[in-house]
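Inspection log for the structure reproduced underneath, given as structure tokens.
Side chains are part of it too, since the values below use all heavy atoms of this structure and drop only hydrogens, waters and symmetry mates. Letters A, B, ... are given to chains in the order of the sequence lines, protein chains preceding strands, and every chain is numbered from 1. Here the structure is a predicted model, which is why all the values come from computation and not from measurement.
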Protein chains: 2
Amino acid sequence: MRRDIFQAIADPTRRSIITLIALQAMTPNAIAEHFDSTRQAISKHLRILTECELVKQEYRGREIYYQLEVKKMKEIDKWLDQFRKIWETSFNQLDKVLLTMKKQKR
Amino acid sequence: MRRDIFQAIADPTRRSIITLIALQAMTPNAIAEHFDSTRQAISKHLRILTECELVKQEYRGREIYYQLEVKKMKEIDKWLDQFRKIWETSFNQLDKVLLTMKKQKR
DNA sequence: AATTTGCGAAACCGAATAGTTGCACATATA
DNA sequence: TATATGTGCAACTATTCGGTTTCGCAAATT
């Protein structure tokens with residue numbers, strides 16, 4: 001199923017899960033312990049995160065380890081690029097204005 | 001009303017609007033011309049974007065000009081920082097963990 | 001003064017969402 | 001072999017979401 005990564009990170013619980021499994025692979029049960037909702041609810045979140053490839057699974061016996069696919073996060077970073085350019089240039093424009101004012105002062 | 005910025009950028013139409021008014025302030029009518037949905041639908045999106053302060057309004061007569069508040073986008077960038085640290089390491093820590101797990105498996 | 005234009009708000013609707021409970025099933029463990 | 005454990009899936013529910021249509025109102029235009 002095709003999933004939107006921005007829709008995936010819209011939910012605060014999912015963002016917490018992402019942070020939780022960023023450095024360590026964890027099982028659904030272990031993850032669920034960090035939240036108030038049921039294991040099934042967490043499982044649903046993991047399904048959504050897996051569907052948009054933000055999270056990868058590794059099967060070990062009856063356990064499944066989930067862990068963040070960090071590379072996928074770059075997509076958000078890439079989308080931010082267009083705005084990064086703006087907030088950098090708007091800073092430059094401010095410098096420009098300040099510079100002009102200094103020049104006029106003389 | 002308190003709004004979540006991540007929930008705001010979850011909708012593809014809203015992301016398009018954001019890009020559209022990133023460099024130029026625009027009226028709802030002008031924005032709506034770029035989409036298939038009605039002006040009222042766009043107005044709803046603008047309301048949500050305004051509520052989470054991603055967009056600023058400027059009243060001019062009976063017209064209202066909407067423009068992106070670029071600074072607010074930095075919040076997303078800031079959230080990405082924790083993951084940027086991970087993907088920027090030359091030897092991915094995540095791969096390291098996986099390797100350790102595979103070794104323990106043997 | 002009468003009409004047109006630009007806008008937001010309200011009421012409504014179908015679809016999606018996030019949560020629950022109750023299962024089925026494979027894998028460990030006794 | 002019998003039981004406990006880890007997991008995903010299905011069915012159901014309340015709520016939210018994105019869209020439309022209809023309306024009211026203020027500002028511009030005639």
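Between B/Asp77 and B/Lys74 there is no salt bridge, since no side-chain N of the basic residue sits under 4.0 Å from a carboxylate O of the acidic one. A salt bridge does not link B/Asp11 to B/Lys44: none of the charged side-chain nitrogens sits closer than 4.0 Å to a carboxylate oxygen. Contact check on B/Glu58 versus B/Arg60 returns a salt bridge, with a Lys/Arg side-chain nitrogen under 4.0 Å from an Asp/Glu carboxylate oxygen. Using a 4.0 Å cut-off between a side-chain N of Lys or Arg and a carboxylate O of Asp or Glu, B/Lys78 and B/Asp81 do not qualify as a salt bridge. Electrostatic pairing of B/Glu88 and B/Lys85 does not count as a salt bridge here, judged by no charged N lying under 4.0 Å from a carboxylate O.
Taking atom CD of B/Glu58 as the reference point, atom P of C/dG6 lies 18 Å away to the nearest angstrom. For the pair A/Ile17 CD1 and C/dA18 P, the interatomic distance rounds to 11 Å; values are reported in whole Å. For the pair A/Glu51 CD and D/dC9 P, the computed distance is 9 Å after rounding to whole Å. Atom-to-atom, CG of A/Leu46 to C1' of D/dT7 comes out at 11 Å; the value is rounded to the nearest Å. In this structure, B/Tyr59 atom OH and D/dC25 atom P are separated by 17 Å, rounded to whole Å. For the pair B/Arg60 CZ and C/dG6 C1', the interatomic distance rounds to 14 Å; values are reported in whole Å. Computed from coordinates, the A/Arg47 CZ to C/dA16 P distance equals 14 Å when rounded to whole Å. Following rounding to the nearest Å, A/Leu49 (CG) and C/dA18 (P) show an atom-to-atom distance of 10 Å.
In this model, the phosphate group of C/dG8 is approached by a side-chain N or O of B/Ser43 to a distance below 4.0 Å at OP1 or OP2. Taking side-chain N and O atoms only, B/Asn29 has no distance below 4.0 Å to OP1 or OP2 of C/dT5.
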Polar atoms only, N or O, under 3.5 Å: list the protein pairs with nucleotides 25-27 of chain C and their distances.
from: C/dT27; atom 1: O2; to: A/Arg62; atom 2: NH1; distance (Å): 3.0

Distances under 3.5 Å between protein N/O atoms and the N/O atoms of nucleotides 14-21 of chain D, please, pair by pair.
from: D/dC17; atom 1: OP1; to: B/Gln7; atom 2: NE2; distance (Å): 3.0
from: D/dG18; atom 1: OP1; to: B/Arg14; atom 2: NH2; distance (Å): 3.1
from: D/dG18; atom 1: OP2; to: B/Arg14; atom 2: NH1; distance (Å): 3.3
from: D/dG19; atom 1: OP2; to: B/His45; atom 2: NE2; distance (Å): 2.3
from: D/dG19; atom 1: N7; to: B/Lys44; atom 2: NZ; distance (Å): 3.0
from: D/dG19; atom 1: O6; to: B/Lys44; atom 2: NZ; distance (Å): 2.3
from: D/dT20; atom 1: OP2; to: B/Thr38; atom 2: N; distance (Å): 3.0
from: D/dT20; atom 1: OP2; to: B/Thr38; atom 2: OG1; distance (Å): 2.8

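Of the N and O atoms on the side chains of A/Gln57 and A/Tyr66, at least one donor lies less than 3.5 Å from an acceptor on the other residue.
In this structure a side-chain-to-backbone donor-acceptor pair under 3.5 Å is present from B/Gln82 to B/Trp79.
The hydrophobic clustering, which links ILVMFWY residues whose side-chain heavy atoms are closer than 4.5 Å, places A/Ile86 and B/Tyr65 apart.
Of all the heavy atoms in B/Cys52 and B/Ile5, the pair that sits closest is SG-CA, 4.3 Å.
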